[in-house]
Amino acid sequence: MGTVAAETPRTLEEAISQAGGAVELLRSSAAGAHPFPGIPPEFTNWRDEQRAWMESVALFEMSFHMTELRVWGPDVIAFISELAVNRFDNFQITRAKQIVMVGPDGRFISDGIVFREGDEAVRVVGPPTASNWIQFNCETTGHRVECARNENMIVPRDRRDLFRFQLQGPNALALVQEASDGSLPEIEFFRIGEFQIAGKTVRALRHGMAGKPGFEIFGDWDDQFAVREAVEAIGTKFGLKKAGSTAFGTVSQESGWMPRPLPAIYDGTDMKGFRQWLPSLSFEAAGSLGGSFASDDIADYYVDPVEIGYENLIHYDHDFIGRDELRNRHDNQTRTKVTLVWDNDDVFAILRDSLQPNSNRPKYIDLPIPVYASFQADAVEAGGQCVGISQRISFSSNAGAILSQALVNLDRAKPSTKADLVWGEPNSRRTTVELHELRSISVTVAPVPYTRKSIAED
């Protein structure tokens, strides 16, 4: 008799069950790094596009890759407050806020940016992990709220309701002042202002994504062409470079933001309802876990908001999911976020050896973004012991080296501390990972955000 094929799982919970566990599910996925749809890899070249946000001004396209979720109703602020570790009772219409969310165990689920669109309406912009968690709670809460999803453009379609792009770098303010033809108001940090570009009404959020002050400009989808044309024409005198998807994928490295850690949703009875709600084709279910850090316990890959740098955003004076558990974690921290600067000689040796026709060659380092999984986790070692986990990785032209953001033990976090990063994926079951041997790369601890000056002065 022939074997009966397993039914296709419908939910994340079913996918975990069929795979034999969350680690097995994610470690067998062929998915690579999260794509940036809608724009070419390079407009000029990624090296100059990287330098632009430090030396002149860079345009980052944001209309295509982020999920947007509108939430509205008379209880919208109370609802958002119950999901966020940070406070929203002071959330005005002229503001945007980062929202940081944890699960019942106090560990990190996702973050995003919330725009206040009206007295009873907000818009959440960010990764699908943020919108998924908020939408699930919107559909199951007792609060008087509704939500509508505006999916990203990974599956192409003709339009969305808003266009969105950022101008970042030392020349960003002067460019926007000229493009607005005198209509630009004074906009404080993380506040929203309204003005005109090319006769079209736009709004802008003032904030810095690449470590420099800048603007996130957004408006009606059909107005984007006139707005872009005006900005790009004026931008020639300010050294404007449009950043392609390759450079965009590296922008968080120097600013220190850790994008998309593994959400703490894959175990525990408290999260079972969410796992049963998430489709098997969701980002959380279809994503991959890669890198040299290997554990059979999915919880070893989770993080909390304090250790990834959100301590100053947490307000315990309001009730939110996971508050008491997060407070306990807050008082018992063992790790902190750092930048790791990879040794160029070790990187060069791996690049050279990975091109040889030998069966024992190392894992290829793909520049400028060596990440090869949806969720990267590489072991950081010292004295033969694991002392941290490296996550987001990219080469920085401004640093002249590969940088990664890592969580390391508190006693290993001082700048200039040396360690070794294990490069490769032991016993990989993913078809996208070539046969290779593990290699060690010397790394040096640097501050977050990264500055080359900080290293030179130590």
Side-chain angles (χ1 to χ4, degrees), residues 60 62-63 66-101 110-127 130-131 133-135 137-138 141-150 160-168 172-173 176-177 179-209 213-224 227 310 312-315 317-320:
F60 301 108
M62 307 181 75
S63 299
M66 294 189 298
T67 304
E68 302 197 4
L69 182 75
R70 291 194 72 246
V71 187
W72 68 92
D75 296 340
V76 66
I77 299 303
F79 168 70
I80 289 293
S81 294
E82 288 185 3
L83 300 180
V85 306
N86 45 323
R87 60 184 296 191
F88 277 84
D89 60 314
N90 59 349
F91 195 31
Q92 302 169 344
I93 293 176
T94 57
R95 293 190 65 180
K97 274 198 172 194
Q98 188 167 12
I99 183 171
V100 178
M101 298 170 288
S110 192
D111 64 346
I113 303 298
V114 183
F115 294 79
R116 184 79 185 264
E117 294 191 329
D119 288 337
E120 298 184 354
V122 301
R123 179 185 294 260
V124 182
V125 180
S131 288
W133 177 241
I134 295 172
Q135 183 178 348
N137 281 281
C138 181
T141 184
H143 284 299
R144 296 170 296 167
V145 289
E146 300 178 71
C147 63
R149 197 176 180 103
N150 196 318
R160 304 180 78 178
D161 58 344
L162 297 179
F163 76 87
R164 193 180 298 274
F165 64 82
Q166 285 201 19
L167 295 169
Q168 300 284 347
L173 177 58
V176 176
Q177 285 174 330
S180 65
D181 195 24
S183 66
L184 180 67
E186 185 72 26
I187 308 174
E188 297 179 9
F189 181 73
F190 246 72
R191 299 298 197 273
I192 299 169
E194 185 173 285
F195 53 96
Q196 299 277 314
I197 295 180
K200 307 296 184 181
T201 298
V202 298
R203 292 184 175 183
L205 169 66
R206 181 73 181 265
H207 79 112
M209 181 175 167
F215 297 86
E216 180 172 321
I217 297 172
F218 55 98
D220 184 86
W221 184 264
D222 293 330
D223 292 341
Q224 65 177 302
V227 172
Y310 290 142
N312 292 338
L313 296 180
I314 301 171
H315 285 264
D317 57 356
H318 76 287
D319 191 22
F320 60 87

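The structure presented is a predicted model; accordingly, all values stated were derived computationally and were not measured.
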Q) Partners of H318 by ring-ring contact (aromatic ring centres under 6.0 Å, His included), sequence neighbours excluded? A)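 With sequence neighbours excluded, H318 shows a ring-ring contact (aromatic ring centres under 6.0 Å, His included) to F320, given in chain and number order.
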Q. With F218, which residues qualify under ring-ring contact (aromatic ring centres under 6.0 Å, His included), at least two apart?
A.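 F218: ring-ring contact (aromatic ring centres under 6.0 Å, His included) contacts with F115.
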Q: Apply side-chain contact (heavy atoms from CB on, under 4.5 Å) to R87 and list each qualifying residue two or more places apart in sequence or on a separate chain.
A: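 In terms of side-chain contact (heavy atoms from CB on, under 4.5 Å), with neighbours along the sequence ignored, R87 is linked to D89, N90, K97, H315.
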Q | Qualifying residues under salt bridge (Lys or Arg N to Asp or Glu O under 4.0 Å), relative to D220, sequence neighbours excluded | A |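 Applying salt bridge (Lys or Arg N to Asp or Glu O under 4.0 Å) to D220 gives none.
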Q.
Restricting to salt bridge (Lys or Arg N to Asp or Glu O under 4.0 Å), what partner residues turn up for R95, sequence neighbours left out?
A.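 Listed in chain order: nothing, the list is empty.
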Going from [atom1] on [X] to [atom2] on [Y], what distance comes out if it is rounded to the nearest 0.5 angstrom?
{"X": "D222", "Y": "L162", "atom1": "CG", "atom2": "CG", "result": "11.0 Å"}
{"X": "Q196", "Y": "D223", "atom1": "CD", "atom2": "CG", "result": "9.5 Å"}
{"X": "E216", "Y": "Q166", "atom1": "CD", "atom2": "CD", "result": "4.5 Å"}
{"X": "S63", "Y": "W221", "atom1": "OG", "atom2": "CH2", "result": "5.0 Å"}
{"X": "F189", "Y": "R206", "atom1": "CZ", "atom2": "CZ", "result": "9.5 Å"}
{"X": "L205", "Y": "R164", "atom1": "CG", "atom2": "CZ", "result": "8.5 Å"}

Looking at every heavy atom in both [X] and [Y], which two are closest together, and how far apart are they?
{"X": "A204", "Y": "F215", "value": "CB-CD2, 4.1 Å"}
{"X": "S131", "Y": "L69", "value": "OG-CB, 3.5 Å"}
{"X": "F195", "Y": "S180", "value": "CD1-CB, 3.7 Å"}
{"X": "F163", "Y": "F165", "value": "CE1-CE2, 3.6 Å"}
{"X": "P185", "Y": "G193", "value": "CG-CA, 4.3 Å"}
{"X": "S110", "Y": "A130", "value": "OG-N, 3.1 Å"}

Just so I know, are the side chains of [X] and [Y] near enough to count as touching, which here means a heavy-atom distance under 4.5 Å?
{"X": "T67", "Y": "Q135", "result": "no"}
{"X": "T141", "Y": "F79", "result": "yes"}
{"X": "F88", "Y": "V122", "result": "no"}
{"X": "I192", "Y": "R116", "result": "no"}
{"X": "L184", "Y": "L173", "result": "yes"}

Q: Kindly check if the number of other-residue, nucleotide or ligand heavy atoms within 6.0 Å of CG (D317) is above 12?
A: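 Yes, enclosed.
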Q) Does atom CZ of R203 have more than 12 heavy-atom neighbours, drawn from other residues, nucleotides or ligands, at distances under 6.0 Å? A)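 Counting neighbours around CZ of R203, 12 or fewer heavy atoms of other residues, nucleotides or ligands fall under 6.0 Å, so no.
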**Q.** Identified side-chain contact (heavy atoms from CB on, under 4.5 Å) counterpart of V176 within the set L167, I187, V202
**A.**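 Per the side-chain contact (heavy atoms from CB on, under 4.5 Å) rule, the option paired with V176 is L167, out of L167, I187, V202.
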Q: Could you walk me through whether N86 and Q98 pass side-chain hydrogen bond (donor to acceptor under 3.5 Å, both in side chains), step by step?
A: CA-CA 8 Å; N86 45 323; Q98 188 167 12; over 6 Å; no
Q: List for me each residue that meets side chain to side chain donor-acceptor pair (under 3.5 Å) alongside E82, sequence neighbours excluded, and say none if there are none.
A: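 H143.
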**Q.** Any donor-acceptor N/O pair, Q168 side chain to H207 backbone, under 3.5 Å
**A.**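 Looks like yes, one N/O pair under 3.5 Å.
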Q.
Main chain of N150, side chain of R160: is a donor-acceptor contact present, judged purely on distance under 3.5 Å?
A.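 Such a contact is found between R160 side chain and N150 backbone.
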